[in-house]
Amino acid sequence: MPIKWLPEGKVSFLDQTLLPHEEVWIETSDYRVIAEAIRRLQVRGAPLIGIAAGYGLALAAGAGEPVETAAKELRSTRPTAVNLSWAIDRCLRAVDGVEEPREMRERLIKEAVSIHKEDVAANHRIGDYGAKLLSADDQSILTHCNAGTLATGGYGTALGVIRSASANGRLCSVIATETRPLLQGARLTAWELSRDRIPCTVIVDSAAGSYMRRGEIDAVIVGADRIAANGDVANKIGTYPLAVLARENGIPFYVAAPSSTADLSLASGDDIPIEQRSPDEVTSLRSEHIVTLGLAVQAENPAFDVTPSRYVTAIITENGVAKPPFEESLERLCARSSGPQARESEVPARG
Ligand code: MRU
């Protein structure tokens, strides 16, 4: 679990920028520290930044600071993952009309803890659905970025599917793309999987195509930051080319995400805001400068891309597996995205 609400009214989170070399936990009672941690990717991954923002609001209320101001600040940290606004709106609804400071604080803590617990439960259900979806021949799974415990309340979405498949006795091995520029695949996915003893091979992003062509990848599973009503998926930059390569090579391309990642108010992925991060992340490797910038040379750093739904085989949610046409299946499975309100009849048996 990469974040915790502490009984003394503080939040403790793992600084993901220091992994895998150092495991440093930061404790704070200041929501601004949470906002900065989200901006800097000390806390990252769509579901996790929503959970962190919920805890941030509880900290603001505990310090007697205006919750609306904190909400504005937290909301502005990262634009692409809809889970952030979704969690903030849910927490604000929980204190609608509440004036008394103590009650406001208690309600915000309760709501943020619920969002956190529900996310972990949702991930286990995503894992169950995904493990059933994979065929027995799907032994080698490629994933991009990090959609694991570190990106969620716990267990993970894409890595949750891999964990559940492994727990069911599958010999899954993972190909993890390094994920330039911030190396979430190399640093975080490999770290998580090594702790679970799930075999993992890290490759550079540009190697994925040749692994697919040689028949060394059976399926691709990634997470998502926002899914539009038509099934277009925003995820870490580099996801779209993987989806196109998967189609070219006849490999299924799965997206694993909780229903809180669906934004059915957007008709297509064209409307998803794409975060542009500092070019410094591209021009430097850790602290070493690797690009000669000048009048003719610039750098750009879009953090996410959009994969058109025609490349997506299925979207695995906690409420079931959405297949094309996504307008219908996402509406059925994600329209009530205020937590994992699964339809019991669609939940696969654990086993
Ligand atoms: O910039 P990041 O590291 O926050 O990007 C994370 C991703 O792209 C993940 O794939 C996505 O948030 C899903 S996490 C379950």
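Remember, it's a predicted structure, so these values are computed and weren't measured experimentally. Note that ligands are numbered from 1 as they come in the structure, with each ligand's atoms numbered from 1 the same way.
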Output the list of atoms in ligand 1 that are nearer than 4.0 Å to some heavy atom of Thr152, sorted by atom number.
-> 15 (C)
By number and element, which atoms of ligand 1 are closer than 4.0 Å to a non-hydrogen atom of Gly45?
-> 4 (O), 12 (O)
Could you tell me whether ligand 1 has any atom less than 4.0 Å away from a heavy atom of Ala303?
-> no
Examine Leu41 against ligand 1 and note whether any of their N/O atoms are separated by less than 3.5 Å.
-> no
Is it true that Lys110 and Glu103 make a salt bridge, defined as a side-chain N closer than 4.0 Å to a carboxylate O?
-> no
Please determine if Arg187 forms a cation-pi arrangement with Trp191, meaning its NZ or CZ atom is less than 6.0 Å from the six-membered ring centre and no more than 45° off the ring axis.
-> no
So is Ala224 close enough to ligand 1, meaning a heavy atom under 4.0 angstrom away?
-> yes
May I ask you to identify the nearest protein heavy atom to atom 10 (O) of ligand 1, giving residue, atom name and distance to one decimal place in Å?
-> Asn235 OD1, 2.6 Å
From the list Gln16, Gln184, Arg44, side chain to side chain donor-acceptor pair (under 3.5 Å) partner of Asn146 resolves to Arg44
Decide yes or no on salt bridge (charged side-chain N to carboxylate O under 4.0 Å, His left out) for Glu111 and Arg90, but give the supporting numbers first.
-> CA-CA 8 Å; Glu111 199 64 19; Arg90 187 171 147 177; 2.8 Å; yes
With heavy atoms of Ala151 as the reference, note each atom of ligand 1 found under 4.0 Å away.
-> 14 (S), 15 (C)
For Arg78, the ligand 1 atoms whose distance to one of its heavy atoms is below 4.0 Å | 1 (O), 2 (P), 4 (O)
Would you say the side-chain atoms of Asp218 and Gln139 include a donor-acceptor pair closer than 3.5 Å?
-> no
Is the Lys NZ or Arg CZ of Lys4 less than 6.0 Å from the centre of Phe13's six-membered ring, within 45° of the axis?
-> no
For ligand 1, which atoms, with element, lie under 4.0 Å from some heavy atom of Gln184?
-> 1 (O), 2 (P), 3 (O)
Ion pair check, Glu216 and Arg214, cut-off under 4.0 Å = yes
With Asp119, which of Leu48, Thr152, Asn83 fulfils side-chain contact (heavy atoms from CB on, under 4.5 Å)?
-> Thr152
After noting the C-alpha distance and the side-chain angles of Asp89 and Arg75, does the key distance pass the salt bridge (charged side-chain N to carboxylate O under 4.0 Å, His left out) rule?
-> CA-CA 10 Å; Asp89 290 340; Arg75 208 188 285 276; 2.9 Å; yes
Taking 4.0 angstrom as the limit, do Arg195 and Glu192 come out as a salt bridge?
-> no
Ligand-residue contact atoms, ligand 1 with Asp225, heavy atoms, under 4.0 Å = 7 (C), 8 (O), 9 (C), 11 (C), 12 (O)
Ligand 1 atoms nearer than 4.0 angstrom to some heavy atom of Lys236 are 1 (O), 2 (P), 5 (O), 8 (O)
For ligand 1, indicate whether the residue Pro47 contacts it via side chain, backbone, both or neither (heavy-atom separation under 4.0 Å).
-> side chain
Could you list which atoms of ligand 1 come closer than 4.0 Å to a heavy atom of Ala46?
-> 12 (O), 14 (S)
Is any N or O atom of Arg44, backbone or side chain, closer than 3.5 Å to an N or O atom of ligand 1?
-> yes
What about Thr157: any of its N or O atoms under 3.5 Å from an N or O on ligand 1?
-> no
